[in-house]
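It should be emphasised that the depicted structure is a prediction, and the values quoted were computed from it without experimental measurement.
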Amino acid sequence: MSKVRTAIVIGSGIAGPVTAAALAKAGIEATVHEAYPAESDGIGGALALAPNGLAALDIIDAADAVRGIAVPMRRTAMTLGRGKPRVLPGLPDVPPLQVVERGDLHRVLRERALAAGVRFAYGKRLQAADDGPTGVTARFTDGSSVRADVLIGADGVRSTVRTLIDPNAPGPDYTGMLGFGGLADVDLDVEPGTMFFAYGSRAYYLYWPQPGGGTAWGANLPSRTYMTLTEARAVPAEKWLRTLRETYEGDDPGGVLAARTVPETLQVVGGLHIMPPVPHWYRGRMVLVGDAVHAPSNSTGQGASLAIESAVELARCLRDLPDPSSAFIAYERLRRPRVERITARGRKVNRTKTPGPTTRRAMSLLMPLAFKAMNIEKSLGWEQRHTIDWDAPATPTPTTTSSAA
């Protein structure tokens with residue numbers, strides 16, 4: 001029987017509300033503390049939820065609500081240079097990817113957490129934490145404090161909790177790319193429900209038809225200069241569009257997507273990150289979850305899904321293990337091998353997105369051969385078929401509590 005009855009969750013992005021809702025399901029009272037002064041439904045940028053992420057959301061009864069606001073992608077295709085799109089093999093009997101706007105996802109997850117009895121506190125930027133044998137106290141920059149049995153850092157790649165756990169912890173690496181999204185006022189002659197990955201002549205991009213008309217697209221713009229979200233958004237959208245139009249000029253359909261996007265529909269994301277392995281996932285009564293401990297880069301299509309999985313597994317371990325230490329040990333053993341393997345795949349994909357001229361020519365020759373040799377079940381089956389058995393008791397040395405059926 002767990003001795004954990006209360007939890008402080010730092011961060012209200014994706015991992016925070018899911019962690020809190022899963023904790024509530026486990027009988028643990030959780031409050032989410034968010035640094036920003038208000039709810040952030042206006043945050044833009046689309047992301048894809050993989051089948052394994054939706055399976056984890058089913059555990060907290062949030063998956064149907066997410067499917068209701070998402071666009072299903074039943075097929076994927078890839079284009080090299082100016083070649084025709086090649087449909088990629090898919091996993092049989094696996095639900096489609098679900099593409100959703102990040103702000104809409106935040107709203108749905110917050111609503112699910114509220115329905116589960118979770119409380120949210122805004123304008124609470126974490127400053128310090130006093131970790132003791134009987135509890136942990138979080139201290140905020142507004143002078144307030146709160147005490148609970150555990151403190152969970154779901155505060156993203158710039159995590160304050162991560163530095164409290166380990167002052168020497170690594171921060172996120174820059175992938176060498178800036179992220180953008182947009183909606184182009186153009187309807188392409190492509191099959192609905194298909195996501196296209198395109199290696200243009202100068203930069204990588206992706207696109208998919210919107211059910212209501214137009215084509216949504218995302219750009220990974222190579223840049224030696226790193227820019228935060230704030231720095232990137234300080235640049236006028238018109239200037240970014242000029243850069244994007246120059247970059248994708250001559251690409252089909254990248255050129256027309258950039259040309260038919262207006263400043264009002266351009267979403268600026270800033271530098272794209274990938275987390276290196278974090279040596280210490282927890283200390284005392286503090287632990288990390290989601291991007292604060294594993295951000296595998298957008299190239300994997302698994303960032304949000306892995307955060308959701310880890311949130312649910314952490315709650316399960318805190319439910320079943322007798323104390324925070326044993327729960328955190330079990331949680332890390334469950335999650336570290338999986339997330340680091342997927343992150344390693346993301347690093348490999350990132351390198352193909354920013355190739356030099358010689359590498360780009362080699363890719364055009366080798367990638368078609370790689371498609372033919374691809375064993376999709378071996379490469380992606382273990383990722384996307386992964387499920388969590390919520391009803392199975394977590395054990396101190398978990399090895400088979402989750403499945404990839």
Side-chain angles (χ1 to χ4, degrees), residues 4-45 47 49 53 56-57 59-66 68-69 100-129 135-162 164 229 285-293 303-304 307-316 318-319:
V4 175
R5 293 289 179 267
T6 57
I8 302 163
V9 179
I10 305 297
S12 68
I14 293 174
V18 175
T19 301
L23 287 170
K25 185 179 179 72
I28 299 171
E29 179 184 345
T31 302
V32 176
H33 294 77
E34 169 57 47
Y36 289 103
E39 300 165 358
S40 55
D41 291 345
I43 293 175
L47 58 84
L49 285 173
L57 284 179
I59 293 171
I60 61 166
D61 300 320
D64 285 343
V66 171
I69 60 170
V100 60
E101 291 295 317
R102 186 179 294 270
D104 293 338
L105 179 61
H106 287 180
R107 174 179 52 80
V108 166
L109 296 180
R110 184 179 64 249
E111 290 173 353
R112 174 82 283 276
L114 288 169
V118 174
R119 291 175 294 137
F120 286 76
Y122 295 93
K124 299 295 181 181
R125 185 172 297 277
L126 184 67
Q127 184 176 49
V136 58
T137 299
R139 303 189 183 279
F140 302 98
T141 55
D142 65 356
S144 64
S145 63
V146 63
R147 183 175 176 82
D149 293 326
V150 295
L151 185 150
I152 299 167
D155 48 346
V157 294
R158 301 294 181 188
S159 172
T160 298
V161 180
R162 188 173 63 239
L164 294 176
L229 173 65
R285 292 177 175 268
M286 298 186 292
V287 67
L288 300 169
V289 70
D291 283 359
V293 69
I308 292 164
E309 285 181 3
S310 289
V312 172
E313 288 284 31
L314 175 58
R316 191 169 72 93
L318 285 168
R319 176 195 68 187

Nearest heavy atoms of Asp142 and Ser144, plus distance in Å: OD1-OG, 2.6 Å
Beyond-backbone contact of Arg285 with Leu151, side-chain heavy atoms, under 4.5 angstrom: no
Between Val146 and Thr31, does the side chain to side chain contact (heavy atoms under 4.5 Å, CB included) criterion hold? Intermediate values first, please. CA-CA 10 Å; Val146 63; Thr31 302; over 6 Å; no
Does Tyr36 offer a backbone N or O that forms a donor-acceptor pair with the side chain of Glu34 under 3.5 Å? yes
Shortest non-hydrogen contact from Ala307 to Gly290? CB-CA, 3.8 Å
If you define the side chain from C-beta out and look only at heavy atoms, does anything of Ile10 sit under 4.5 Å from Lys124? no
Would you please test Arg110 and Val118 for side chain to side chain contact (heavy atoms under 4.5 Å, CB included) and show each step? CA-CA 9 Å; Arg110 184 179 64 249; Val118 174; over 6 Å; no
Mind checking whether Leu109 and Leu57 have side chains closer than 4.5 Å, heavy atoms only? yes
Restricting to non-hydrogen atoms, name the atom on Leu47 and the atom on Ala304 that form the minimum distance, rounded to 0.1 Å. CD1-CB, 4.0 Å
Go through it in stages, so that I can follow the logic: the residues are Asp149 and Ile28, the test is side chain to side chain contact (heavy atoms under 4.5 Å, CB included), and I'd like the CA-CA distance, side-chain angles, deciding distance and then a yes or no. CA-CA 10 Å; Asp149 293 326; Ile28 299 171; over 6 Å; no
Are any non-hydrogen side-chain atoms of Leu126 and Leu164 less than 4.5 angstrom apart? yes
Using modelled atom types only, decide if a donor and an acceptor are shared between the side chain of Asp155 and the backbone of Thr160 within a distance under 3.5 Å. yes
Give me the one residue out of Ile69, Val100, Asp64 that meets side chain to side chain contact (heavy atoms under 4.5 Å, CB included) with Val108. Ile69
Would you say Arg158 has more than 12 foreign heavy atoms packed within less than 6.0 Å of its CZ? yes
Tell me if a side-chain donor or acceptor on Arg112 pairs with a main-chain N or O of Ile60 at a distance below 3.5 Å. yes
CD1-CG distance between Ile14 and Leu105, expressed to the nearest 0.5 angstrom: 5.0 Å
If we only count heavy atoms from C-beta on, is the Ile308 to Leu49 side-chain gap below 4.5 Å? yes
With sequence neighbours excluded, what pairs up with Phe140 under the ring-ring contact (aromatic ring centres under 6.0 Å, His included) test? His33
According to salt bridge (Lys or Arg N to Asp or Glu O under 4.0 Å), who are the partners of Asp61, at least two apart in sequence or on a separate chain? none
Minimum-distance pair of heavy atoms, taken over all atoms of Ala7 and Ile152: CB-CD1, 4.3 Å
Minimum heavy-atom separation for Val9 to Ala154, with atom names? CG1-CB, 4.3 Å
Specify the closest pair of heavy atoms between Ile8 and Ala138, including all atoms of both residues, with the distance to one decimal. CD1-CB, 4.0 Å
Euclidean distance, Glu309 CD relative to Glu313 CD, rounded to 0.5 Å: 7.5 Å
Tell me if a side-chain donor or acceptor on Arg162 pairs with a main-chain N or O of Ala292 at a distance below 3.5 Å. yes
